[in-house]
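Notes follow once the structure below has been shown.
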Amino acid sequence: MTNEFLFNDPAGPLRQAAASLAPQLVALRRDIHAHPELAFEEVRTAGLVAAELSRLGIPHRTGIGRTGILGLIEGGQPGPTLAIRADMDALPIQEETGLPYASSVPGKMHACGHDIHTVTLLGVAAILKELAPRLAGRVVLVFQPAEETLQGAAAMIADGAAEGIDLALGFHNHPDTPVGRFGFVRGACLAASDLFDLTLRGRSGHAAHPYAAVDPIVAAAHFVTQAQTVVSREVKPLHPAVVTIGQSVGGTTYNIIPERVQLKGTVRTLHPEARDTAEAALRRLIQGIETGLRVSASFEYRRMVPPLVNSDRVLDPALRSLAAQFGAEAITEGEPSMGSEDFSAFAERVPAFQLGIGSATPGRDDRLHNADYQPDEGCIPAGVEALSRIALDLLTRAA
């Protein structure tokens with residue numbers, strides 16, 4: 001393949017290489033799919049990845065961020081270091097696809113396509129390893145655990161995964177986009193994700209005598225309704241934000257005012273200003289409820305991951321590569337999502353771009369995190385082809 005690249009346009013050879021890898025990658029994907037592992041449990045998956053990297057002759061380190069792996073491909077000339085990242089973890093969902101390779105582990109499923117991401121990056125590794133003498137720079141292959149809990153990237157970075165990296169490339173399958181098509185968003189594409197835990201303590205008592213008690217359920221109801229004003233009355237209308245109460249627990253029966261109520265929630269924002277405003281507003285509302293309704297409050301607010309912001313420095317050359325490989329008509333600009341992705345921890349440190357790879361199965365209406373999720377496996381060679389072309393162009397233009 002290398003000689004062909006020296007004299008011809010890389011589009012054809014890359015497509016052929018990705019197609020030739022597809023059968024073994026699909027088989028490996030089905031193996032991983034049948035044996036899903038949750039966050040920081042990806043021991044078997046990491047073992048399969050490590051074995052494949054060894055087979056390809058790619059040096060790698062295991063145990064990065066507990067169960068993550070870093071592989072390294074050295075180019076033939078000096079240049080920047082490009083990280084390409086794939087996530088490996090599954091979800092706590094009971095699979096209902098009925099497929100021959102459905103999850104063999106009760107209550108666990110690859111319902112977000114991280115099994116697809118893992119093997120796609122292995123395909124990219126195989127191609128870039130063969131092209132290494134032509135590359136000007138290095139490629140760091142990041143196989144990351146625990147994306148679904150938004151903890152894996154931070155754990156890997158704490159173990160040095162971001163050291164020496166100049167550029168980063170991420171990707172995710174999109175079941176609302178046909179195979180062979182790709183999506184992008186300029187600027188902030190995914191939201192910051194913050195979590196909060198609130199405990200409101202009152203004084204328990206008889207339901208017939210509320211004046212002798214302090215009712216935390218009433219206080220919790222006030223908080224839930226007032227929290228909705230954070231977005232509608234405090235955050236700028238052009239700065240998207242979502243405040244959601246996901247859990248409320250309190251009380252035991254009909255006629256007892258409980259001692260406490262516990263609430264859990266999330267805040268999603270695309271702009272740092274909105275993030276600060278939302279946190280400050282929630283804290284202020286809680287102070288007012290303490291004073292007005294005589295409860296005491298314990299409030300923990302955790303900033304999990306920042307917004308994922310795509311850098312034009314990586315996005316623009318990536319779009320040129322995709323247009324050269326697939327045609328401009330295969331690329332669609334999308335809208336930001338209030339979902340979150342901990343690849344943002346890498347993007348916060350270096351210029352980065354997250355690519356959307358179409359994975360829609362014809363005739364289906366699949367959605368991520370669904371028990372019947374069935375993406376089209378044709379997205380695997382398409383992703384291998386796209387990411388390899390982007391990496392090749394990024395590291396040869398730098399020469």
Are the side chain of [X] and the backbone of [Y] linked by a donor-acceptor contact shorter than 3.5 Å?
X    : Y    : result
S104 : A34  : yes
E42  : A146 : yes
S311 : A352 : no

Taking the side chain as every heavy atom from C-beta outward, state whether [X] and [Y] have any pair of such atoms under 4.5 Å apart.
X    : Y    : result
L38  : P92  : yes
F40  : Q151 : yes
V267 : L282 : yes
T277 : H239 : no
M156 : L70  : yes
L395 : P80  : yes
L141 : L72  : no
M88  : H114 : no

Where is the tightest heavy-atom contact between [X] and [Y], given as atom of each residue plus distance?
X    : Y    : value
A83  : V142 : CB-CG2, 4.2 Å
V230 : A278 : CG1-CA, 3.8 Å
L355 : A386 : CD2-CB, 4.2 Å
A11  : A324 : CB-O, 4.4 Å
V124 : G383 : CG2-O, 4.5 Å
N370 : A111 : O-CB, 3.6 Å

Can you give me every donor-acceptor pair (side chain of residues 244-259, partner residue at least two apart or in another chain, under 3.5 Å) with its distance?
residue: E259; atom: OE1; partner: S204; partner atom: N; Å: 3.0
residue: E259; atom: OE1; partner: S204; partner atom: OG; Å: 2.9

Output, in order, the C-alpha distance, side-chain angles, deciding distance and verdict of side chain to side chain donor-acceptor pair (under 3.5 Å) for R201 and T199. CA-CA 6 Å; R201 292 180 175 83; T199 300; 5.0 Å; no
Contacts of L56 meeting side chain to side chain contact (heavy atoms under 4.5 Å, CB included) (sequence neighbours excluded), chain-then-number -> E52, I58, A125, A126
With sequence neighbours left out, write down each residue that passes salt bridge (charged side-chain N to carboxylate O under 4.0 Å, His left out) with E74, or none if nothing qualifies. R138
About how many Å separate [atom2] of [Y] and [atom1] of [X], when rounded to the nearest 0.5 Å?
X    : Y    : atom1 : atom2 : result
L308 : F343 : CG    : CZ    : 6.5 Å
S103 : I32  : OG    : CD1   : 13.0 Å
I116 : R30  : CD1   : CZ    : 10.5 Å
L195 : K264 : CG    : NZ    : 9.0 Å
L198 : E300 : CG    : CD    : 11.0 Å
D372 : E95  : CG    : CD    : 8.5 Å

Step by step, would you call E348 with V305 a side chain to side chain contact (heavy atoms under 4.5 Å, CB included)? CA-CA 10 Å; E348 188 177 40; V305 296; over 6 Å; no
What side-chain hydrogen bond (donor to acceptor under 3.5 Å, both in side chains) pairs are there with at least one residue in residues 278-299, not counting sequence neighbours? E234-R284, E279-R283, E279-R303
Pair listing, side-chain hydrogen bond (donor to acceptor under 3.5 Å, both in side chains) test, anchored in residues 219-231, at least two apart: none
Report the C-alpha distance between H60 and V49 in whole Å, list the side-chain angles of each, state the deciding distance to 0.1 Å, and finish with yes or no for side chain to side chain contact (heavy atoms under 4.5 Å, CB included). CA-CA 10 Å; H60 56 277; V49 170; over 6 Å; no
Please output the side-chain donor-acceptor pairs of residues 166-188 that fall under 3.5 Å, not counting sequence neighbours, one pair per line with the distance.
residue: D166; atom: OD2; partner: T81; partner atom: N; Å: 2.8
residue: N173; atom: OD1; partner: S359; partner atom: OG; Å: 3.1
residue: N173; atom: OD1; partner: Y373; partner atom: OH; Å: 2.3
residue: N173; atom: ND2; partner: C112; partner atom: O; Å: 3.0
residue: N173; atom: ND2; partner: H117; partner atom: NE2; Å: 3.0
residue: R181; atom: NH1; partner: E329; partner atom: O; Å: 2.8
residue: R181; atom: NH2; partner: E329; partner atom: O; Å: 2.7
residue: R181; atom: NH2; partner: T332; partner atom: OG1; Å: 3.2
residue: R186; atom: NH1; partner: D312; partner atom: OD1; Å: 2.8
residue: R186; atom: NH1; partner: D316; partner atom: OD1; Å: 3.0
residue: R186; atom: NH2; partner: D316; partner atom: OD1; Å: 2.7

In chain order, what residues pass the side-chain hydrogen bond (donor to acceptor under 3.5 Å, both in side chains) check against [X], with sequence neighbours excluded?
X    : result
T45  : E37
K108 : E41
H206 : none

Decide whether [X] and [Y] are clustered together by the hydrophobic rule: side chain heavy atoms of Ile, Leu, Val, Met, Phe, Trp, Tyr closer than 4.5 Å, transitively.
X    : Y    : answer
F196 : L200 : yes
I73  : F346 : no
L285 : V231 : yes
I286 : V224 : yes
L28  : L53  : yes

Do any pairs count as a salt bridge (Lys or Arg N to Asp or Glu O under 4.0 Å) and have a residue in residues 12-25, sequence neighbours left out, and if so which ones? R15-E385
Only pairs at least two apart or in different chains count here, so list each salt bridge (Lys or Arg N to Asp or Glu O under 4.0 Å) that has a residue in residues 109-127. R29-D115
D376/R364 salt bridge by N-O under 4.0 Å criterion: no
Pairs where residues 78-113 contributes a residue and the test ring pair (Phe, Tyr, Trp, His ring centres under 6.0 Å) is met, not counting sequence neighbours: H33-Y101
Counting heavy atoms not belonging to R302, are there more than 12 under 6.0 Å from its CZ? yes
Would the number of heavy atoms belonging to other residues, nucleotides or ligands and lying under 6.0 Å from CD of E335 be above 12? no
Audit row: R85, D342, side chain to side chain contact (heavy atoms under 4.5 Å, CB included) steps and yes/no: CA-CA 11 Å; R85 176 271 207 171; D342 73 353; 2.7 Å; yes
For D159 and R66: C-alpha separation, side-chain torsions, deciding distance, then whether salt bridge (charged side-chain N to carboxylate O under 4.0 Å, His left out) applies. CA-CA 9 Å; D159 280 354; R66 294 167 60 176; over 6 Å; no
